[in-house]
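FYI, side chains are in, hydrogens and waters are out, and symmetry mates aren't considered; it's all heavy atoms of this structure. Counting begins at 1 with the first residue of the sequence.
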Amino acid sequence: MNAPMNVPGDEEMFSLESLVSRLRGLPDSVIELLWDPFELPSQDFGGIVMRLPDGWTPGGSPSLDEVREAARMGVGVAWGSYFDLEWLGSDIRYITALVCSPAAEGTGHLERVEEASSLRCLMTPFVGVDGVIDVSGLIELRKLVTGETAFLSGFGLPRLEDLHYMGNSLPDGIRTGPAVAYAVLDVARFDAKILENSSGLRTLQVERARHVDLNTLPELISLENLSLRLCKRVTGVEGLRQLPSLREVQMAFVTKLEEPERLLALDHSGVHAWGTPALDPALIRRAKELGLTWSVSPVSKPAEIIRISEAWDGGAYEVTFDEWNHLAASLSPDEFDLPSTEEVEQTLRRAVALRGSRGLRQSIMYDSEAGAVIARVPNRRSANRVRDIWLQELHDPDILNRIRRDS
């Protein structure tokens with residue numbers, strides 16, 4: 001039996017030498033399935049992940065013995081169909097990452113995650129989790145991505161740095177931990193008190209909240225980047241002056257921004273916005289006269305960027321993106337560097353797989369053509385959800401950088 005592989009320490013970065021050393025002894029059938037450790041989601045928690053083929057079973061390739069051997073060497077597992085944590089046996093205590101695709105058919109014996117004492121990254125199923133799973137003992141956990149309240153005990157873990165939560169709201173009393181540096185909260189009801197123990201937070205992204213009162217943010221003395229996306233109402237802009245490290249404010253499709261002129265007082269912070277009507281031309285001119293760093297795209301209604309229409313044969317709806325001028329303005333590439341339809345479709349597919357419900361993922365069909373990404377869904381509600389997901393994706397700087405790099 002191979003000895004458990006040492007995973008990088010908190011300060012250790014990936015290098016070619018360390019990567020070769022860590023891969024030594026892994027079966028070829030496992031190496032072929034490894035995610036590039038210099039790309040997400042592995043580099044941000046210091047681990048290596050193998051992505052099992054769709055439909056994988058213990059009798060397939062790699063074999064279950066090879067998967068367990070890799071787990072003993074510190075390699076994480078990602079799956080897109082079905083995986084039973086019971087298959088890992090006692091070797092679950094060595095595994096560094098468990099990554100369940102939102103499109104996965106299911107996860108067996110999920111309660112056994114409590115035994116994964118070396119776990120650094122956990123991406124949970126987004127539906128179908130019953131009861132409460134106690135992950136408070138996973139003190140090595142660095143990254144948690146979940147849409148289930150079953151895993152709330154992980155929010156305050158001492159080494160958790162990266163937290164993504166997608167749900168309607170969070171129960172009162174939930175607090176994030178002291179090490180959280182990056183948080184994405186996709187919630188209808190946003191309560192800033194959840195962050196009061198995370199003074200080291202550097203990036204905060206709030207999505208789809210009905211109301212965000214920026215005056216209620218705690219003393220986030222390290223916060224550098226604040227992003228508000230598809231939020232209905234944002235108030236308390238003056239509260240941003242209490243954030244001494246703030247360098248960038250992003251807003252995408254904020255329906256109502258109250259007292260936007262108070263942003264002019266943020267002489268140390270840049271503002272980047274799309275689809276936010278309160279940032280009108282007069283205010284943008286004043287910002288320019290004051291020498292502020294503002295980048296505000298002309299207000300485009302969501303319907304102008306992504307269209308929803310009834311399918312020609314009835315009984316369904318089509319969601320269409322073909323506004324390449326908008327994408328070009330966001331990317332600012334050379335004329336010949338625009339991504340292909342296939343590349344944009346791949347990006348938008350990933351977004352629906354991550355953010356969509358299981359019902360949405362199972363009902364959507366793609367029928368793209370030259371120059372247009374088209375998704376077909378059974379009803380208007382699903383069409384609206386797909387549109388919202390795509391809008392978030394097409395205004396996410398990290399995603400835009402990925403599209404730019406791929407193209």
**Asked** Salt bridge between D91 and R68, side-chain N to carboxylate O under 4.0 Å?
**Response** yes
**Request:** Would you check, one step at a time, whether the test side chain to side chain contact (heavy atoms under 4.5 Å, CB included) holds for K143 with H164?
**Result:** CA-CA 8 Å; K143 180 176 182 121; H164 297 232; 4.3 Å; yes
**Message:** Counting neighbours of CD on E261 that are heavy atoms of other residues, nucleotides or ligands and sit closer than 6.0 Å, is the number greater than 12?
**Reply:** yes
**Prompt:** For H272, what residues pass the ring-ring contact (aromatic ring centres under 6.0 Å, His included) criterion, not counting sequence neighbours?
**Reply:** none
**Asked** Rounded to the nearest 0.5 Å, how far apart are OG1 of T203 and CZ of R247?
**Response** 12.5 Å
**Prompt:** Atom CG of L157 and atom OG of S136: how far apart are they, to the nearest 0.5 Å?
**Reply:** 7.0 Å
**Fill in**
salt bridge (Lys or Arg N to Asp or Glu O under 4.0 Å) filter on E259, not counting sequence neighbours, yields R262
**Lys/Arg N to Asp/Glu carboxylate O, E115 vs R112, below 4.0 Å** = yes
**Asked** Backbone N or O of P62 within a donor-acceptor pair of the W56 side chain at under 3.5 Å?
**Response** yes
**Message:** Is it the case that the side chain of T276 and the backbone of W274 share a donor-acceptor pair, with hydrogens and angles ignored and the cut-off at 3.5 Å?
**Reply:** yes
**Message:** Taking CZ in R376 as the centre, count heavy atoms belonging to other residues, nucleotides or ligands within less than 6.0 Å. Is the count above 12?
**Reply:** yes
**Fill in**
Smallest heavy-atom separation, S153 atom then I133 atom, equals OG-O, 3.5 Å
**Request:** Give the minimum heavy-atom separation between S81 and G55, together with the two atoms involved.
**Result:** OG-N, 3.0 Å
**Message:** What's the separation between atom CZ in R229 and atom CE in M251, rounded to the nearest 0.5 Å?
**Reply:** 12.5 Å
**Request:** Could you tell me whether R349 and E345 have a side-chain N and a carboxylate O separated by less than 4.0 Å?
**Result:** yes
**Prompt:** What heavy-atom pair brings I364 and A375 nearest, and what distance separates the two atoms?
**Reply:** CD1-CB, 3.7 Å
**Message:** Checking T176 against S198: is there a side-chain donor and acceptor pair closer than 3.5 Å?
**Reply:** yes
**Asked** Nearest heavy-atom pair of A150 and G131: which atoms, and what distance?
**Response** CB-O, 3.3 Å
**Prompt:** Restricting to pairs with a member in residues 129-161, which pass ring-ring contact (aromatic ring centres under 6.0 Å, His included), not counting sequence neighbours?
**Reply:** F155-Y165
**Request:** Show your working on side chain to side chain contact (heavy atoms under 4.5 Å, CB included) between I95 and L119 and close with a plain yes or no.
**Result:** CA-CA 6 Å; I95 204 157; L119 201 64; 4.0 Å; yes
**Asked** What do the steps show when you test W294 against L283 for side chain to side chain contact (heavy atoms under 4.5 Å, CB included), and what is the final call?
**Response** CA-CA 10 Å; W294 281 29; L283 189 62; 4.0 Å; yes
**Asked** Any donor and acceptor pair, going by atom type alone, linking the side chain of S245 with main-chain N or O of I221 inside 3.5 Å?
**Response** yes
**Message:** Let's go through R142 and E140 carefully: what are the C-alpha distance in whole Å and the side-chain angles of both, what is the deciding distance for side chain to side chain contact (heavy atoms under 4.5 Å, CB included) to 0.1 Å, and is it a yes or a no?
**Reply:** CA-CA 6 Å; R142 294 343 191 242; E140 298 297 327; 3.1 Å; yes
**Item:** Under 3.5 Å side-chain donor-acceptor pair for N215 and E238
**Value:** yes
